[in-house]
S.K.: 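Take this structure, written in structure tokens, and hold onto it; I'll ask about it next.
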Amino acid sequence: MHTRLTSVKAEMASSEHNPKPESGIRVFVRKRRLRKPQVITENIVKVEPQIITENIVKVEPQDQKFGSLPDIEEFAYKKPSISLPLRKSKPISNNNDKTEFKPPSDWVKILEGIREMRSLEDAPVDSMGCEKAGNSLPPKERRFAVLVSSLLSSQTKDNVTHGAIQRLLDNNLLNPETIDTADESAIQKLIYPVGFYTRKASNMKKIAKISLLNYHGDIPNTLEGLLSLPGIGPKMAHLVMNVAWNNVQGICVDTHVHRICNRLGWVPKTKTPEETREALQMWLPKEEWVPINPLLVGFGQTICTPLRPSCGLCSVNGLCPSAFQEATPKKKSRLKTELSES
DNA sequence: CTCCGGCCTA
DNA sequence: TAGGCGGGAG
């Protein structure tokens with residue numbers, strides 16, 4: 001089932017004439033601001049309090065693959081020689097309910113309906129990633145640009161991210177060598193006003209050093225390697241694996257995908273995007289793993305919004321178990337309306 | 001669960 | 001103008 005080894009090899013072998021280097025830097029940034037998060041959900045069905053007490057650590061037998069990679073050959077496997085906080089990739093508990101969970105039989109219909117809705121109106125996610133910036137670069141530089149772009153993009157509008165990347169590029173600060181020697185304050189100035197620019201500048205320098213010391217100036221080509229980088233969490237790691245390495249290791253789940261999958265009942269009630277990712281990957285065909293993200297992100301920006309979703313505009317509301325469930329909180333709930341409710 | 005840092009809107 | 005936005009980390 002997991003054919004990563006061959007796929008990566010094939011990708012590396014044919015990376016030059018492969019017609020799908022496609023987007024250089026593609027970052028899906030979503031912005032949605034609505035009302036305040038009123039929590040009026042007394043009629044929301046509370047699903048069973050599922051027990052999540054598994055100590056089963058699922059270790060995927062994967063990623064032992066650098067056998068024939070030209071660039072990173074022996075480097076990829078060396079432990080980082082500098083001591084940086086390794087992220088403890090918290091293993092998602094193996095929930096029993098998932099095995100019993102059966103996906104809706106009409107998920108294809110829902111997907112098609114959402115696609116149709118998405119084709120009608122434009123969501124910010126469609127406008128553009130910042131894919132142009134890295135396209136002209138050689139593969140290795142492009143990959144590094146994808147990584148940095150992903151780092152900067154979290155919670156930053158596309159044009160802001162793109163501007164920052166462009167300024168880095170103009171100042172020759174989009175490669176690990178120059179970033180490593182550059183002043184952190186200079187990087188801060190260049191990437192401003194991206195969100196958390198001080199932290200991201202610091203992370204950029206750390207990543208540059210790790211890249212030089214352990215990856216020959218390239219970026220890690222495994223999920224674990226990417227997750228070990230400061231500032232790179234599950235969402236960005238999967239995004240980078242998809243875009244930079246063209247290697248789909250998992251679904252890139254952000255809050256939109258997380259929220260919508262829960263509303264649709266596509267996953268058992270999940271609390272974190274990581275749990276959603278694992279549950280979704282259990283049944284969603286792999287061909288959909290990549291397109292599901294931009295599809296649901298755009299859908300979540302325009303119709304299936306965080307609160308007050310426009311179920312009336314949704315063409316698949318008849319198939320959604322959560323349609324029209326969330327009553328609009330018109331007043332402050334702190335008045336304890338339930339006391340005088342009659 | 002909170003903070004981070006800017007930005008945009010109600 | 002207060003606070004929502006939202007990935008990552010503590």
Side-chain angles (χ1 to χ4, degrees), chain A residues 26-40 83-92 123-125 127 129 146-165 167 184-185 187-207 210 220 223-243 250-262 270-277 293-294 296-298 300-302 304-309 326 328-334:
Chain A
R26 178 173 212 88
V27 175
F28 302 112
V29 177
R30 54 225 71 81
K31 281 290 173 183
R32 198 68 211 163
R33 56 205 96 248
L34 291 172
R35 300 303 313 259
K36 55 181 176 36
Q38 268 301 7
V39 186
I40 299 283
S83 61
L84 282 165
L86 264 262
R87 185 166 295 98
K88 50 230 163 179
S89 58
K90 86 167 58 170
I92 299 305
V125 68
S127 58
V146 169
L147 179 64
V148 173
S149 180
S150 299
L151 179 73
L152 298 186
S153 72
S154 80
Q155 190 150 20
T156 305
K157 297 189 111 167
D158 261 2
N159 56 335
V160 174
T161 304
H162 186 264
I165 290 291
R167 286 191 295 276
E184 192 167 314
S185 60
I187 298 178
Q188 289 183 11
K189 287 194 179 77
L190 284 176
I191 66 177
Y192 183 92
V194 301
F196 314 124
Y197 62 95
T198 52
R199 194 173 284 188
K200 285 173 179 176
S202 159
N203 286 338
M204 276 177 63
K205 285 193 69 73
K206 289 177 184 168
I207 287 177
I210 296 173
L223 214 52
E224 290 79 1
L226 291 170
L227 285 172
S228 74
L229 304 177
I232 299 297
K235 191 224 169 210
M236 292 310 176
H238 284 285
L239 182 67
V240 171
M241 282 305 288
N242 294 349
V243 175
I251 302 173
C252 181
V253 173
D254 55 36
T255 56
H256 293 279
V257 177
H258 175 59
R259 175 183 72 253
I260 295 171
C261 285
N262 273 274
T270 54
K271 186 182 168 292
T272 67
E274 270 295 86
E275 294 173 16
T276 301
R277 183 183 61 78
N293 179 274
L296 293 192
V297 168
Q301 287 173 330
T302 56
C304 200
T305 51
L307 46 94
R308 301 202 195 192
E326 280 156 301
T328 65
K330 43 198 63 165
K331 287 187 178 253
K332 315 179 168 213
S333 64
R334 61 186 313 219

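Residue numbers start from 1 in every chain, and the chains themselves are labelled A, B, ... in the order their sequence lines are given, proteins ahead of strands.
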S.K.: Let me see the working for A:Thr276 and A:Thr270 under side chain to side chain donor-acceptor pair (under 3.5 Å), right down to the final yes or no.
M.R.: CA-CA 6 Å; A:Thr276 301; A:Thr270 54; 2.6 Å; yes
S.K.: Which value, in whole Å, describes the distance between the P atoms of nucleotides B:dG5 and C:dT1?
M.R.: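 Each nucleotide's P atom is 22 Å from the other's.
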S.K.: So which of residues 196-204 of chain A are in contact with DNA chain C, with a heavy-atom cut-off of under 4.0 Å?
M.R.: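 Close to the strand are A:Phe196, A:Arg199.
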S.K.: How many Å lie between CZ on A:Arg308 and P on C:dG4, as a whole number?
M.R.: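 For the pair A:Arg308 CZ and C:dG4 P, the rounded distance is 14 Å.
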S.K.: So, A:Arg167 side chain and A:Leu190 main chain: donor-acceptor pair closer than 3.5 Å or not?
M.R.: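 Yes.
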S.K.: For A:Thr198, enumerate each residue passing the side-chain contact (heavy atoms from CB on, under 4.5 Å) test, keeping only those at least two apart in sequence or located in another chain.
M.R.: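 In terms of side-chain contact (heavy atoms from CB on, under 4.5 Å), with neighbours along the sequence ignored, A:Thr198 is linked to A:Gln188.
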S.K.: To the nearest 0.5 Å, what is the distance between CG on A:Leu147 and CG on A:Leu229?
M.R.: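 A:Leu147 CG to A:Leu229 CG: 6.0 Å, rounded to 0.5 Å.
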S.K.: Expressed as a whole number of Å, how far does the C1' atom of B:dC3 sit from that of C:dG3?
M.R.: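 Between the two C1' atoms, the distance is 15 Å.
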S.K.: List in chain and number order the residues that pass ring pair (Phe, Tyr, Trp, His ring centres under 6.0 Å) with A:Tyr197, two or more places apart in sequence or in another chain; answer none if no residue qualifies.
M.R.: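 By the ring pair (Phe, Tyr, Trp, His ring centres under 6.0 Å) rule, A:Tyr197 matches A:Tyr192.
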S.K.: From the list C:dG7, C:dC5, C:dG6, which nucleotide is the closest neighbour of the side chain of A:Leu307?
M.R.: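 Taking heavy atoms from C-beta onward, the closest nucleotide is C:dC5.
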S.K.: Which whole-number value in Å describes the distance from A:Gln301 CD to B:dC8 C1'?
M.R.: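 Spelled out: CD on A:Gln301 to C1' on B:dC8 is 15 Å.
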S.K.: C:dG7, B:dG6, C:dG6: which one has an atom nearest the side-chain heavy atoms of A:Tyr192?
M.R.: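 Within the option list, the nearest is B:dG6.
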S.K.: Please measure how far the P atom in B:dA10 lies from the corresponding atom in C:dG6, and state the result in whole Å.
M.R.: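 Going atom to atom, P in each nucleotide, I get 15 Å.
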S.K.: Please tell me which of the listed nucleotides, C:dG7, C:dG6, B:dG6, lies nearest to the side chain of A:Lys235?
M.R.: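 Per side-chain heavy atoms of A:Lys235, the pick is C:dG7.
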S.K.: Roughly, in whole Å, what's the span from CG in A:Leu151 to P in C:dG7?
M.R.: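 For the pair A:Leu151 CG and C:dG7 P, the rounded distance is 14 Å.
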S.K.: Roughly how far, to the nearest 0.5 Å, is the CD atom of A:Glu275 from the CZ atom of A:Arg277?
M.R.: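 Going from the CZ atom of A:Arg277 to the CD atom of A:Glu275 covers 11.0 Å.
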S.K.: When the distance from CD of A:Gln155 to C1' of B:dT2 is rounded to whole Å, what number comes out?
M.R.: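 Rounded to the whole Å, the gap is 14 Å.
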S.K.: List for me each residue that meets side-chain hydrogen bond (donor to acceptor under 3.5 Å, both in side chains) alongside A:Arg259, sequence neighbours excluded, and say none if there are none.
M.R.: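 Once residues adjacent in sequence are excluded, the partners of A:Arg259 under the side-chain hydrogen bond (donor to acceptor under 3.5 Å, both in side chains) criterion are A:His256.
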S.K.: Among C:dG6, B:dG6, C:dG7, find the nucleotide with the atom closest to the side chain of A:Asp254.
M.R.: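 Looking only at side-chain atoms, A:Asp254 lies closest to C:dG7.
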S.K.: Using a cut-off of strictly less than 4.0 Å, decide whether A:His258 has a side-chain nitrogen or oxygen near OP1 or OP2 of C:dG6.
M.R.: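 So the side chain of A:His258 is outside the cut-off, no N or O lying under 4.0 Å from OP1 or OP2 of C:dG6.
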